[in-house]
Colleague: 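The structure under discussion is supplied below as structure tokens; questions concerning it will follow.
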Amino acid sequence: MSDIQKKSDVILIGAGVMSATLGSILKELAPDWDIKVFEKLDKAGEESSNEWNNAGTGHAALCELNYTKEKADGSIDTTKAVKVNEQFQVSRQFWSYLVKSNLIENPQDFIMPIPHMSLVQGEENVAFLQKRFEALSNIPLFQDMEYSDDPEKLKKWIPLIMEDRTQDQPIAATKIDSGTDVNFGALTRKLFDHLEETDVEVNYKHSVKDIKRTSDGSWEVKVHDLDNDKLEFHTAKFIFIGGGGGSLPLLQKTGIPESKNIGGFPVSGLFMVCNNPEIVEKHHGKVYGKAKVGAPPMSVPHLDTRFIDNKKSLLFGPYAGFSPKFLKTGSNFDLFGSVKPSNVLTMLSAGAKELALTKYLIQQVLSSKEQRMAELREFIPNAKSEDWDIVVAGQRVQVIKDTEAGGKGTLQFGTEVVSAQDGSIAALLGASPGASTAVQVMLEVLERCFPQHTKEWEPKIKEMVPSYGVSLAENPEMFRKIHTETEETLGLTVNGPISGAKSKSS
Ligand SMILES: Cc1cc2nc3c(=O)[nH]c(=O)nc-3n(C[C@H](O)[C@H](O)[C@H](O)COP(=O)(O)OP(=O)(O)OC[C@H]3O[C@@H](n4cnc5c(N)ncnc54)[C@H](O)[C@@H]3O)c2cc1C
């Protein structure tokens, strides 16, 4: 049975953090626009955005070593770290705006302060960390970072990691107290509650099956109402494909030229979760290590204090692996179904290039719990198997495309927006840095797809995100003001406002 519905201004596909963010921004900029959401599951934030499916790191490049590469001359390239940090400041500002405007409440349900640390061992890695610290702590965004290679000091910072550790090689860490743990699932649910209160029609258990251009240049989506086993057709002037791993197959259905020559490489993940409260209490921080040689950036190991369901817990991982599914709730045919005449060469080239990575990921999938415990013991030397359980994380679908630098079938590790030339449809692909940059990325979607409204919307965007269009790294005064204000509004002031002091002890 088919049912032609009223045309709306905007359709958002998927109820993850990206659609939640885009919908919430649009409601402020164009309150009269009619917005519909279609989500195939029965709740919002159940796929990658769910708190148990991602690591919950408010990525601000405070601890992730892969954002600061060492250049050929031995100096540290801080460009990406500055970019990621500035993007997170944009998210903080928008969330603060929503709280101050009473559009969402109780920010502690979705964001908590937690020190972010980087930890390395071995002479070469310690030298790298020290150089990284020197380079970053000269930039206002990172100025409260501390460095130490003194085991006694590290015992205070990371007692659980230092307990029973054989100190046969140099060890060092950096620590910055202004890091955060973000419950992106709780945030997504809050944003969807807010959207529903503002008359956005959110349709759960509605799976989008097809997307087609209509004769007047709008888009028609074919939707399966899963409860009533009924097909519906809805049209809109603008569509955002926020299907997470499910975005690529939907983008391919649009047939837009920009959707050609793109493929997806799915990477699964696991975390270990500690179920012993005594151990959980001994750790307070997100501690990122270095990825092993040959391991992809998404398998950088970290030991994280997490705040989920008002409870403190400890997660270690992620252990990356291979699965052909594009969503955790997806199908084993997702990968093969995404191979089309327009991307088969790109996919085959990537397959040939990434044999080592595929082999690595398959080996990871086949690891036993004891092998995983061995990796955990590099962080917690005395970790006991009975204290840790395995939880399955979300799926990431990394973008494969042809690039000038990498050639045909190059694997990308970032987040990518693909949009039609006329701005009538956009899709979000990729995973990292992911949810933390949702606000910046969705503002970019609006700039790309609604250039005719940019001037009219700018004052409101600046009210929501005062640093819009400004480099905070180059405007330390503005950074301090914004950082302090958002810290207060979001309840992140446990350590008081940032002081501007730089410290080092060794
Ligand atoms: C293991 C792991 C760790 C991560 N760690 C971090 C981290 O520490 N910090 C960080 O910032 N980011 C992290 N990320 C990335 C982050 O989780 C994602 O970037 C973000 O959640 C993506 O949000 P989304 O809205 O695009 O997708 P999702 O949250 O996956 O939502 C997509 C939604 O679309 C729905 N959908 C799909 N297809 C259809 C369809 N055809 N019809 C209707 N609905 C559909 C899905 O059911 C789902 O609800 C991590 C990701 C993973 C997997």
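We count ligands from 1, going down the list as the structure has it; atoms in each ligand are counted the same way.
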Colleague: Which residue owns the protein heavy atom closest to atom 7 (C) of ligand 1, what's the atom, and how far is it?
Modeller: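 For atom 7 (C) of ligand 1, the nearest protein heavy atom is His59 NE2, 3.4 Å.
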Colleague: Classify the ring geometry between Phe450 and Trp457 as parallel (under 30°), tilted (30 to 60°) or perpendicular (over 60°).
Modeller: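 Taking Trp457 first and then Phe450, their aromatic rings sit tilted (interplane angle of 30° to 60°).
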Colleague: Name the closest protein heavy atom to atom 43 (C) of ligand 1, giving the residue it belongs to and the distance to 0.1 Å.
Modeller: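 Here the closest protein heavy atom is Lys40 N, 3.3 Å.
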Colleague: Could you check whether Lys40 pairs with Glu46 (Lys NZ or Arg NE/NH1/NH2 to Asp/Glu carboxylate O, under 4.0 Å)?
Modeller: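 Between Glu46 and Lys40 there is no salt bridge, as every charged N stays at least 4.0 Å from the carboxylate O atoms.
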Colleague: Applying side-chain hydrogen bond (donor to acceptor under 3.5 Å, both in side chains) to Gln371 and Ser368, what does each step give before you reach the verdict?
Modeller: CA-CA 5 Å; Gln371 282 165 319; Ser368 63; 3.3 Å; yes
Colleague: Around atom CD of Glu105, are there more than 12 heavy atoms of other residues, nucleotides or ligands at under 6.0 Å?
Modeller: no
Colleague: What I want to find out is whether Glu197 reaches Lys27 closely enough, with some N-O distance under 4.0 Å, to be called a salt bridge.
Modeller: no
Colleague: Looking at atom 13 (C) of ligand 1, what's its closest protein heavy atom, distance included?
Modeller: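 Minimum-distance protein heavy atom for atom 13 (C) of ligand 1 reads Asn54 CB, 4.0 Å.
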Colleague: Strictly by side-chain hydrogen bond (donor to acceptor under 3.5 Å, both in side chains), give each pair with a member in residues 307-328 just once, sequence neighbours left out.
Modeller: Asn53-Lys328
Colleague: So is there a nitrogen or oxygen of Ser19 less than 3.5 Å from a nitrogen or oxygen in ligand 1?
Modeller: no
Colleague: Students should be able to answer this: which protein heavy-atom is nearest to atom 3 (C) of ligand 1, and at what distance?
Modeller: Arg396 NH2, 3.2 Å
Colleague: For Ser436, is the nearest heavy atom under 4.0 Å from an atom of ligand 1?
Modeller: yes
Colleague: To which of Val441, Leu327, Leu429 does the heavy atom nearest atom 38 (N) of ligand 1 belong?
Modeller: Leu327
Colleague: Can you check whether Trp157 reaches Val287 side chain to side chain, under 4.5 Å on heavy atoms?
Modeller: no
Colleague: Is any NZ, NE, NH1 or NH2 atom of the basic residue among Lys205 and Asp42 found under 4.0 Å from an Asp or Glu carboxylate oxygen of the other?
Modeller: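 Salt bridge absent between Lys205 and Asp42.
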Colleague: Are any of the N or O atoms of Ala435 closer than 3.5 Å to those of ligand 1?
Modeller: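 Yes, at least one N or O pair falls under 3.5 Å.
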Colleague: Just jot down the ligand 1 atoms closer than 4.0 angstrom to any heavy atom of Gly56, in number order.
Modeller: 7 (C), 8 (O)
Colleague: Pull out every atom of ligand 1 sitting under 4.0 Å from any heavy atom of Gly242, numbered as shown with elements.
Modeller: 32 (C), 33 (C), 34 (O)
Colleague: Which residue and atom name correspond to the protein heavy atom nearest atom 15 (C) of ligand 1, and how close is it?
Modeller: Ala431 O, 3.5 Å
Colleague: Pick out which of Thr329, Asn54, Val17, Thr188 makes a side-chain contact (heavy atoms from CB on, under 4.5 Å) with Glu47.
Modeller: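 Exactly one option meets the side-chain contact (heavy atoms from CB on, under 4.5 Å) with Glu47, and it is Thr329.
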Colleague: Starting from atom 37 (C) of ligand 1, which protein heavy atom do you reach first, and at what distance in Å?
Modeller: Gly243 O, 3.2 Å
Colleague: For Phe184, which part has a heavy atom under 4.0 Å from ligand 1: side chain, backbone, both, or neither?
Modeller: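 The answer is the side chain.
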Colleague: Which ligand 1 atoms are under 4.0 Å away from a heavy-atom of Gly434?
Modeller: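 Counting atoms of ligand 1 from 1, those under 4.0 Å from Gly434 are 11 (O), 19 (O).
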Colleague: Between Lys36 and Asp34, does any side-chain N to carboxylate O distance fall below 4.0 Å?
Modeller: no
Colleague: Take the angle between the ring planes of Phe88 and Trp95 and call it parallel below 30°, perpendicular above 60°, tilted in between.
Modeller: perpendicular
Colleague: Would you mind finding which of Ser49, Gly244, Gly16 brings a heavy atom closest to atom 22 (C) of ligand 1?
Modeller: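 Result: the heavy atom closest to atom 22 (C) of ligand 1 is in Ser49.
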Colleague: Looking only at distances, please establish whether an N/O atom of ligand 1 is found under 3.5 Å from an N/O atom of Val208.
Modeller: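 It does: an N or O of Val208 is found under 3.5 Å from an N or O of ligand 1.
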Colleague: Which is it for Ala393 and ligand 1 at heavy atoms under 4.0 Å: side chain, backbone, both or neither?
Modeller: side chain
Colleague: If you measure every N or O of Thr57 against every N or O of ligand 1, does any of those distances drop under 3.5 Å?
Modeller: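 Thr57 vs ligand 1: N/O contact under 3.5 Å present.
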Colleague: Counting each atom of ligand 1 from 1 as listed, which ones have a heavy atom of Leu41 under 4.0 Å away?
Modeller: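 Heavy-atom distances to Leu41 below 4.0 Å select 47 (O).
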Colleague: Might you confirm whether atom NZ of Lys369 has over 12 heavy atoms from other residues, nucleotides or ligands at distances under 6.0 Å?
Modeller: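 Yes, the 6.0 Å shell around NZ holds more than 12 heavy atoms from other groups.
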Colleague: Out of all atoms in ligand 1, which are within 4.0 Å of some heavy atom of Ala55? Include the element for each.
Modeller: 3 (C), 4 (C), 5 (N), 6 (C), 8 (O)
Colleague: Measuring from non-hydrogen atoms of His206 to any atom of ligand 1, is the shortest distance under 4.0 Å?
Modeller: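 It does; at least one heavy atom falls under 4.0 Å.
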Colleague: Using a strict 4.0 Å cut-off to heavy atoms of Asn53, name the atoms of ligand 1 that fall inside it.
Modeller: 1 (C), 2 (C), 52 (C), 53 (C)
Colleague: Give the atoms of ligand 1, by number and element, whose distance to some non-hydrogen atom of Met18 is under 4.0 Å.
Modeller: 23 (O), 24 (P), 25 (O), 26 (O)
Colleague: By number and element, which atoms of ligand 1 are closer than 4.0 Å to a non-hydrogen atom of Gly14?
Modeller: 33 (C), 34 (O), 35 (C)
Colleague: So, does Glu39 sit close enough to ligand 1 that a heavy atom of it is under 4.0 Å from the ligand?
Modeller: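 So Glu39 counts as touching ligand 1.
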Colleague: Just how far is it from atom CG of Leu303 to atom OH of Tyr288, taken to the nearest 0.5 Å?
Modeller: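 Going from CG on Leu303 over to OH on Tyr288, the span is 11.0 Å.
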Colleague: side-chain contact (heavy atoms from CB on, under 4.5 Å) with Thr235: which of Ile11, Thr214, Val221?
Modeller: Thr214
Colleague: Among all the protein's non-hydrogen atoms, which is closest to atom 10 (C) of ligand 1, and how far away is it?
Modeller: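 The closest one turns out to be Pro433 O, 3.3 Å.
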Colleague: Hey, is Thr415 touching ligand 1 through its side chain, its backbone, both or neither, going by heavy atoms under 4.0 Å?
Modeller: neither
Colleague: Considering both backbone and side-chain atoms of Ser48, is one of its nitrogen or oxygen atoms within less than 3.5 Å of a nitrogen or oxygen in ligand 1?
Modeller: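 Yes; at least one N/O pair falls below 3.5 Å.
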Colleague: Once rounded to the nearest 0.5 Å, what's the spacing between atom CD1 of Ile239 and atom CD1 of Ile425?
Modeller: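 It comes to 5.0 Å.
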Colleague: Do Glu444 and Gln440 get their side chains close enough for a donor-acceptor pair, meaning under 3.5 Å?
Modeller: yes
